[in-house]
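The next block holds one structure in the form of structure tokens; read it before the comments.
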Amino acid sequence: AEAREPCQAEALLAALATADQSRGNRKPVLAVGRDGITLREYRHRCFEVATAATVSIYDRSGKRLITIYLAWRPELGQATMTRMLTDLLQSVLLQWQGPVPQLAYIADSGGNESTFYEDCLRRMLHPRTGQRLHWQRVVDYYHVAERIWTMAAALFGKNTRESTSWARRMLKSLKKPSGVSRVLHSAASLFRRRSLQPSASKEFWKAYRYIQKRSRFLKYYDYKKRHIPLGSGVTEAACKTIYTQRLKLSGMRWSPEGATTILSLRVVHLSGTWDATFSAYLSSLPRFTLQPYDQKIPQPAAIAA
């Protein structure tokens with residue numbers, strides 16, 4: 001675990017160098033994601049939220065070169081994950097000598113995910129120059145798509161031809177210039193022309209305000225042009241590969257100590273830094289020389305009687 005961060009930073013720096021020399025008409029992208037997953041702790045039979053994070057490098061053509069994974073067991077406030085992710089980003093930016101890549105943070109609008117952006121990324125300074133870094137906040141496209149389908153069901157009924165047709169049109173419009181305004185204008189116009197039940201009206205406005213409140217983070221047409229990922233699929237997949245396949249299958253049990261150990265091993269393996277991390281660990285061990293067995297077998301001492 002102690003050798004994890006330096007080796008992950010080294011892998012990210014190598015990928016940044018490759019991305020900087022790649023062919024394409026856009027700047028490389030350093031994309032960060034973060035998400036939570038519910039786990040049931042065996043000892044106390046209660047459900048808690050663990051957290052996973054990813055750091056990915058995209059080259060100038062938009063190809064993902066590497067993804068580094070982080071994970072931590074359930075913790076109130078998730079302060080350890082915030083520290084781990086911040087330290088890794090600061091280490092990479094401190095050592096990187098080339099131009100600063102595009103910095104993007106792609107996540108849903110959960111409490112810890114939003115707090116990390118507001119309290120850490122938005123205020124982050126470059127560790128060498130001291131200048132304010134610009135992080136592009138992106139709200140996950142697929143979470144917004146769920147709200148569009150909710151509005152469609154409220155307006156036209158669930159699983160009807162009209163609701164499916166309208167939702168698909170809005171999903172395409174969302175990726176066009178001024179896409180959020182198009183979606184909100186169309187939804188509000190249809191709401192005024194239709195009479196909805198109170199429950200359907202409540203669901204409609206809940207989904208509508210979700211999109212309206214986050215409209216400045218939903219400029220998907222601009223993100224796509226700059227090769228910034230629109231969705232947090234990489235981080236969602238990390239929750240599955242790190243947690244679900246090891247701590248949530250049938251019959252699996254875990255304790256906080258055991259989860260910490262296995263998560264450290266899994267993130268090193270999935271990040272592709274196992275060999276470097278293990279070599280660094282071996283190098284940190286105290287050096288000693290193996291002594292061969294003495295060829296001369298000592299004679300037992302005579303017993304005085």
Side-chain angles (χ1 to χ4, degrees), residues 29-38 49-58 62-64 66-72 78 81-82 85-86 89 101-122 124 134-153 167-184 187 203-204 206-244 270:
V29 178
L30 189 154
V32 177
R34 177 172 175 165
D35 197 15
I37 182 171
T38 303
V49 178
T51 179
T54 58
V55 182
S56 302
I57 302 296
Y58 295 80
K63 178 183 178 181
R64 179 159 59 98
I66 190 176
T67 296
I68 294 297
Y69 298 88
L70 298 174
W72 191 251
Q78 300 181 0
M81 172 55 72
T82 297
L85 186 52
T86 303
L89 294 174
Q102 298 184 86
L103 305 175
Y105 177 60
I106 306 98
D108 59 28
S109 295
N112 290 305
E113 290 78 12
S114 299
T115 300
F116 178 67
Y117 171 74
E118 294 294 337
D119 296 345
C120 297
L121 294 183
R122 196 169 64 87
M124 184 179 289
H134 174 68
W135 284 90
Q136 178 62 67
R137 174 73 164 100
V138 180
V139 172
D140 177 49
Y141 172 83
Y142 301 100
H143 281 76
V144 178
E146 290 178 359
R147 272 62 183 188
I148 291 179
W149 283 103
T150 299
M151 290 192 296
R168 288 177 176 173
R169 290 202 313 272
M170 293 302 101
L171 291 176
K172 292 180 180 180
S173 297
L174 196 59
K175 295 182 180 180
K176 296 179 180 179
S178 303
V180 179
S181 298
R182 298 185 185 197
V183 172
L184 294 178
E203 291 297 319
F204 173 87
K206 182 179 179 180
Y208 184 94
R209 293 190 180 98
Y210 177 95
I211 298 175
Q212 184 183 44
K213 183 179 179 181
R214 297 160 178 80
S215 58
R216 67 184 187 278
F217 302 137
L218 311 181
K219 301 177 182 179
Y220 298 119
Y221 177 77
D222 178 57
Y223 305 153
K224 191 174 181 180
K225 286 179 59 178
R226 295 160 56 191
H227 296 161
I228 293 177
L230 308 185
S232 58
V234 174
T235 311
E236 299 281 350
C239 290
K240 178 180 179 181
T241 55
I242 295 174
Y243 289 101
T244 303
L270 293 171

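Heavy atoms only: backbone and side chains are in, while hydrogens, waters and symmetry mates are out.
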### Task
List the steps, then state whether side-chain contact (heavy atoms from CB on, under 4.5 Å) holds for Val144 with Val139.
CA-CA 8 Å; Val144 178; Val139 172; 4.1 Å; yes
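- Within the 4.5 Å cutoff, side-chain heavy atoms of Leu30 are placed close to those of Trp135.
- Two residues are said to be in side-chain contact when any heavy atoms from C-beta on lie closer than 4.5 Å; Val138 and Ile228 meet this criterion.
- A heavy-atom distance below 4.5 Å is found between the side chains of Met124 and Thr86.
- Residues satisfying the ring pair (Phe, Tyr, Trp, His ring centres under 6.0 Å) criterion with Phe204, sequence neighbours excluded, are Phe191, Tyr208.
- The shortest heavy-atom contact between Met151 and Ala207 is CG-CB, 3.7 Å.
- The backbone N or O of Arg226 sits less than 3.5 Å from a side-chain atom of Gln102, completing a donor-acceptor pair.
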### Task
Determine, stepwise, if the pair Ile211 / Val180 fulfils side-chain contact (heavy atoms from CB on, under 4.5 Å).
CA-CA 8 Å; Ile211 298 175; Val180 179; 4.0 Å; yes
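- Annotation for Ala145 and Leu171: closest pair CB-CD2, 3.5 Å, computed over non-hydrogen atoms.
- Taking 4.5 Å as the limit, every side-chain heavy atom of Val29 sits out of range of all side-chain heavy atoms of Ile57.
- Taken from OG in Ser181 to CG in Leu218, the straight-line distance is 10.5 Å, to the nearest 0.5 Å.
- Residues Val49 and Ile37 have side chains not in contact (no heavy-atom distance under 4.5 Å, counting atoms from C-beta outward).
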### Task
Could you walk me through whether Leu103 and Leu121 pass side-chain contact (heavy atoms from CB on, under 4.5 Å), step by step?
CA-CA 10 Å; Leu103 305 175; Leu121 294 183; over 6 Å; no
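- Figure legend: Lys224 and Tyr141 shown without cation-pi pairing, the cationic atom not lying both under 6.0 angstrom from the six-membered ring centre and within 45 degrees of its axis.
- Residues Thr82 and Cys120 are in side-chain contact: their nearest non-hydrogen atoms beyond the backbone lie under 4.5 Å apart.
- From Trp72, atom CH2 reaches atom CE of Met81 across 9.0 Å, with rounding to the nearest 0.5 Å.
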#### Entry: Test log, rule side-chain contact (heavy atoms from CB on, under 4.5 Å), inputs Thr51 and Asp35
CA-CA 6 Å; Thr51 179; Asp35 197 15; over 6 Å; no
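- When all heavy atoms are compared, the tightest approach of Arg216 to Tyr223 is O-OH, 3.8 Å.
- Judged purely by distance below 3.5 Å, without hydrogens or angles, the side chains of Tyr105 and Gln136 never pair a donor atom with an acceptor atom.
- Considering only heavy atoms from C-beta on, Lys175 comes within 4.5 Å of Leu230 through its side chain.
- Taking OG1 of Thr150 as the reference point, atom OH of Tyr210 lies at 11.0 Å (rounded to 0.5 Å).
- Between Arg34 and Thr54, the side chains place no donor N or O within less than 3.5 Å of an acceptor N or O (distance only, hydrogens not considered).
- The shortest side-chain heavy-atom distance between His143 and Arg147 falls under the 4.5 Å cut-off.
- Each side chain to side chain donor-acceptor pair (under 3.5 Å) pair with one or both residues in residues 109-120, not counting sequence neighbours, appears once here: Ser109-Arg214, Glu118-Arg122.
- Between the CG atom of Asp108 and the CD atom of Glu146 there is a distance of 9.5 Å, given to the nearest 0.5 Å.
- A pairwise comparison of heavy atoms in Ser232 and Asp140 identifies N-OD1, 2.8 Å as the closest pair.
- Between Ala104 and Ile106 the shortest heavy-atom distance is CB-CD1, 3.9 Å.
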